Amino acid sequence: AQSVSQHNHHVILSEAASLELGCNYSYGGTVNLFWYVQYPGQHLQLLLKYFSGDPLVKGIKGFEAEFIKSKFSFNLRKPSVQWSDTAEYFCAVSYRGGTSYGKLTFGQGTILTVHP
Amino acid sequence: DGGITQSPKYLFRKEGQNVTLSCEQNLNHDAMYWYRQDPGQGLRLIYYSQIVNDFQKGDIAEGYSVSREKKESFPLTVTSAQKNPTAFYLCASSISLGQSQVPQHFGDGTRLSIL
């Protein structure tokens with residue numbers, strides 16, 4: 001079965017620290033990749049997405065992610081986090097082809113807590 | 001503003017009771033989805049619908065039912081057969097299931113608890 005794995009359940013950082021959240025997926029075919037964020041009390045929203053082309057994708061609020069096909073990874077990064085980045089982050093994969101066409105498979109989520 | 005409206009925000013179910021969660025969208029999206037969110041497990045797909053009067057089971061459909069009589073509405077019924085219904089339920093929509101490049105828009109969710 002197709003799956004998405006996020007390496008860390010809870011990450012705690014101080015402001016200005018660098019962030020990297022890991023995401024790996026199990027499918028070897030063509031995929032679209034997404035990172036979503038859920039701030040406390042808010043609905044899930046798209047942070048960034050990769051469909052094709054440049055594997056380094058830049059999203060909102062200074063976040064970026066790099067698609068490494070050989071490693072089946074799509075790690076999320078931010079050079080310097082802020083207190084307002086405290087949220088839960090979800091990696092998601094959309095597989096192209098077969099019966100899974102278009103559906104999103106989500107990772108378990110990583111809670112990021114940033115201390116001022 | 002276009003968006004997805006889920007109601008109610010909080011819902012309580014008695015043992016043996018069916019409850020229905022509402023999801024309405026005014027984005028003119030073709031595809032709609034129901035996800036269940038549990039702590040430490042991320043989001044899991046319950047049902048999805050590509051067009052009106054058509055829907056497919058997701059990964060955890062047992063104990064749930066849906067209908068899609070109108071493009072803008074995709075209600076989810078949690079039946080008494082669902083033995084562990086306490087969770088956060090999210091509704092989502094996208095332009096087309098076939099156009100997998102389109103990310104999904106999400107509602108604010110309904111939190112269901114058992115009395």
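Being a predicted model, the structure only gives us computed values, none of them experimental. The sequence lines fix the lettering, A, B, ..., with proteins before strands; numbering per chain opens at 1.
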Original post:
Is any side-chain heavy atom of B/Ser22 closer than 4.5 Å to a side-chain heavy atom of B/Ser7?
Top reply: yes
Original post:
Side chain, backbone, both or neither: which part of B/Leu43 has an atom under 4.5 Å from a heavy atom of chain A?
Top reply: both
Subject >> Ring centroid separation A/Tyr36 to B/Phe106 under 6.0 Å >> reply: yes
Original post:
If you tally heavy-atom pairs under 4.5 Å against chain B, which of A/Gln42, A/Gln45, A/Gln38 wins?
Top reply: A/Gln38
Subject >> Of B/Ile46, B/Val19, B/Thr20, the residue whose pairing with B/Leu76 passes side-chain contact (heavy atoms from CB on, under 4.5 Å) >> reply: B/Ile46
Original post:
Would you call A/Lys78 and A/Glu64 a salt bridge, taking side-chain N to carboxylate O under 4.0 Å as the test?
Top reply: no
**OP:** Classify the ring geometry between A/Tyr25 and A/Phe72 as parallel (under 30°), tilted (30 to 60°) or perpendicular (over 60°).
**Re:** perpendicular
Original post:
Which of residues 107-115 of chain B have a heavy atom under 4.5 Å from any heavy atom of chain A?
Top reply: B/Gly107, B/Asp108
Subject >> Pairs satisfying salt bridge (charged side-chain N to carboxylate O under 4.0 Å, His left out), at least one member in residues 71-80 of chain B, at least two apart >> reply: B/Asp30-B/Lys71
Subject >> Part of B/Gln6 lying under 4.5 Å from any heavy atom of chain A >> reply: neither
Original post:
Looking at B/Tyr35 versus B/Phe88, is the centre-to-centre ring distance below 6.0 Å?
Top reply: no
**OP:** Spell out the residues in residues 79-90 of chain A that have some non-hydrogen atom less than 4.5 Å away from a non-hydrogen atom of chain B, in order of number; otherwise answer 'none'.
**Re:** A/Glu88, A/Phe90
Subject >> Hydrophobic cluster (4.5 angstrom, side-chain heavy atoms) - remaining members for B/Ile51 >> reply: none
